[in-house]
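Naming convention: chains lettered A, B, ... in sequence-line order (proteins, then strands); numbering from 1 in each chain.
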Amino acid sequence: MALTGLQIYKYLPKTNCRDCGFATCMAFALGLASGKTEFSACPHLKPEDRDTLEEASTPPIKIIALGTGERRLELGGETELFRHEKTFYHPTVFAALLEDDLSEAEFRGQVEKLEALAFERVGQTLNIEMTALRNRSGNPEIFAEKAGLLSRLTAKPQVLMSENPASLRRALDIVGGQRPLLYAANPQNWEEMGKLALEFKLPLAVKGADLEELGGLTARLKTLGVTEMVLEGKADSPAQMLFNNVRIRELPLKKQQRSLGYPALNLIETGSAPELLSGSAVCVCKYGGLLIAPLSAAEMVYPLLTLRQNIYTDPQKPIQVAPGLYPIGKPGEKSPLIVTTNFSLTYFMVSGEIEASRIPAHLLVVDTEGTSVLTAWAADKFNGKVIKRALAQFGVDELVKHRQLLIPGYVAVIGGEVEAETSRQVLVGPKEASGLPAFLKSKGAVWE
Amino acid sequence: MRAETPRWDYFTALLSQKPPQTGAGHPLAPGLPEASLSRAAYKLRRKYLKEFQKRKILDLALEDEAAGCFYACHICTSYSPRQICVLRPEKPALCGLYDFRTAQVIARLEPWGPFRKVEKGRCLNPENGEWEGVNRYLQQNTGGKIKRSLPYSLLEEPEPVCSCAQVIAAFIPEAQGFMLVNREYRGETPLGMDFAALLEYLRSAEATPGFAGLARSYLKSPRFLKAEGGIVRLVWLPASLKRAFGSKALLPPEPGPREVKTLPQLLAYLKKVGHPVLTMENLLK
């Protein structure tokens, strides 16, 4: 049950010492209540208080960490069924399925293709985070050899998939230090798998025919001491998979069902290419924590990556670009000067349209905390003073020798204020970025 | 109304105000130059402004118990599903744009619109303004997320804060008092968070005890801080907000950002001036 700021405050030392990075204990309590900081940030909490607080605010769905160092990933830790209620915390992790019984040449080829599958969108690099190596050969030696080869070819963390604990053990001797995910424990081998997971201190995937079986398995594994698990319910159809995903998210959150309080795993490998893609899309849209699928075709992977980027945007944190003076094309002293906000989407749309116009220009991006033009204007974050400060901060006068400034059409009302503050002549541009090419062409490439 | 309650003082103060003089402009239409109006038009306007003032005064005197029903505003619900402001005669919406009378008029003109009637039901607690019907309405319309509404209690279960709040009231436990900060004030507060930071924490949370979003016009209301002991519980506010309180006589000398910037400074200041809040009982149990 989430604690409110005041409830948390009662446990804090109330010294306002600032050691936690907040100015007052009340501010720290509010930060904790909204999940913006950790209890460990306060070095003066009494141990029993810290335990009470941690107990009360353990996320209903466990956070599982995979991979090490730069490649570390997290799953789980979700608190909402709907993104708009607050936010989603961890995007679905993608793991590309690879079989261990391929020839070495084929194997290398597949991994190379996988490494190349990446692209940039709205300032973020999108790619597949993990690989999933499956012991289709059934042979521990081949499995271990391929696991080693894989770890040399790519730094991506692995899912080690085998029904045979011996195969897993051989592979772990080679790649155990990189914190892979062990797949999977089932009603027959759960004890051995559990002991293996405990020995190497790794998270364990758990497979069950239905949610009841899953709940039973996780409870038994918990008595062994296994706490980090990922759940896969048997799914013969996308509808079944959707049902499982929804229940695995819903029951811990709404009914406090701790036995299912772990991220969901979806393995999608049967069907035609469109069926694979639609099944994976369901996983991304509906509570999939980890997706294992044959992700090799660009036409399947790129839409999925884009979908994931959109679904898992934090509604409370708009994506931003760094404010500054951006040259689009090769602008000179008399090139147009255009101002806009630092919301990523705005920036990329406006800069894209300027590029399309083939007229080099200076684009002044002011810091509006990632809000769009109209939002920033409504919140009084995009006004004459802000623009004046940005002009000074980024040394615009050195690079631009004319006194004209183009503002977005929707905020024409601030024109007078901007002129007064910046002593520049304000031109009001089109309302939509798509009008920029026509506007710039008619105004010309040289401004005086 | 009983004599010598804050409401009575307030009421008589307003009644004693003179109607606007010729050529002085009017608070309701300050920019309009008087000379440009024809005499007849001016007389007509004076008459209607007087009527408007009279009604406004009567509205200010209306108490929650006397209203037939309340009205709920769903404008912010479109982007913040748990945000439904219930407009009462003694409490306007926290954005400051809508009050009870406006909501009533709009609800009657557009029964399908963003303002809806809320049956009051039984009054569960007149101190903090909890009504059975309001609770039921909120539960039904927020999918069970909001179960109760205690609009006049800042510490028990105040209404959720929406990002359009004009003023945020925050509890300072060390001082056992409340501070106010408004949107226009950009500096730091004794809690160490400025308006934007407070808003960020509060607007996406559930109702946060100790914190509330308020309209500037609500600050004048006798209900403000009444359940916690009255306006004497106010310990810090920016200078620009002092004007919002109207009659100065109601406001004890309060420190603002010029005198006090941090929490230790605030506590020292309160001790120095012997602020009455220090003698009052602890609010946090």
Side-chain angles (χ1 to χ4, degrees), chain A residues 1-37 57 79-88 253-254 314-318 367-371 375-376 378-381 383 385-386 389, chain B residues 77-83 95 142-145 154-158 160-161 163-164 168 170-175 177-179 183-186 188-211 261-267 282-285:
Chain A
M1 209 192 57
L3 292 175
T4 67
L6 262 187
Q7 286 170 320
I8 294 175
Y9 175 83
K10 292 195 187 131
Y11 290 98
L12 298 180
K14 308 179 191 57
T15 49
N16 302 315
C17 65
R18 294 180 182 243
D19 282 349
C20 57
F22 287 79
T24 60
C25 286
M26 191 72 229
F28 182 56
L30 272 187
L32 285 173
S34 44
K36 301 251 182 343
T37 180
S57 52
T79 55
E80 304 297 341
L81 282 176
F82 300 107
R83 189 186 74 179
H84 65 252
E85 299 281 4
K86 198 177 225 165
T87 182
F88 287 157
L253 290 185
K254 300 286 170 191
D314 183 349
Q316 299 169 71
K317 285 201 207 74
D367 184 4
T368 55
E369 294 164 43
T371 48
T375 320
D380 198 28
K381 289 195 182 117
N383 54 30
K385 285 205 170 60
V386 168
R389 211 178 322 136
Chain B
T77 317
S78 61
Y79 60 80
S80 190
R82 54 115 175 94
Q83 188 67 34
C95 59
T142 59
K145 263 210 140 171
L154 278 165
L155 279 176
E156 212 187 315
E157 208 164 315
V161 180
S163 50
C164 22
I168 292 181
F171 184 59
I172 303 186
E174 290 86 348
F178 291 85
M179 70 163 209
R183 181 179 292 276
E184 294 76 22
Y185 177 69
R186 299 283 175 107
E188 288 292 324
T189 65
L191 271 186
M193 296 177 281
D194 62 356
F195 184 85
L198 273 171
L199 204 58
E200 203 200 315
Y201 286 137
L202 297 172
R203 68 184 168 95
S204 49
E206 305 303 321
T208 317
F211 297 84
K261 285 202 187 356
T262 67
L263 193 50
Q265 284 178 359
L266 175 66
L267 297 173
N282 263 10
L283 283 173
L284 257 194
K285 276 144 212 110

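Residues A/L81 and A/K254 have side chains in contact (heavy-atom distance under 4.5 Å, counting atoms from C-beta outward). Between A/L32 and A/Y11, the closest side-chain pair of non-hydrogen atoms is not below 4.5 Å. With a 4.5 Å cut-off on side-chain heavy atoms, A/R18 and B/T262 count as touching.
Proximity to chain A involves both the backbone and the side chain of B/L191, based on heavy atoms less than 4.5 angstrom apart. Residue contact with chain A, scored on non-hydrogen atoms closer than 4.5 Å, involves the side chain of B/L198 exclusively. Contact of B/F211 with chain A is made through the side chain alone, with heavy-atom distances under 4.5 Å. Neither the backbone nor the side chain of A/F82 has a heavy atom closer than 4.5 Å to any heavy atom of chain B.
To the nearest 0.5 Å, atoms CD (B/E157) and OG1 (B/T208) are separated by 10.5 Å. Summarising the geometry, atom CZ belonging to B/R82 is positioned 10.0 Å from atom OG1 belonging to B/T77; distances are rounded to the nearest 0.5 Å.
Heavy-atom pairs under 4.5 Å with chain A peak, among B/G210, B/A197, B/P173, B/P190, at B/P173.
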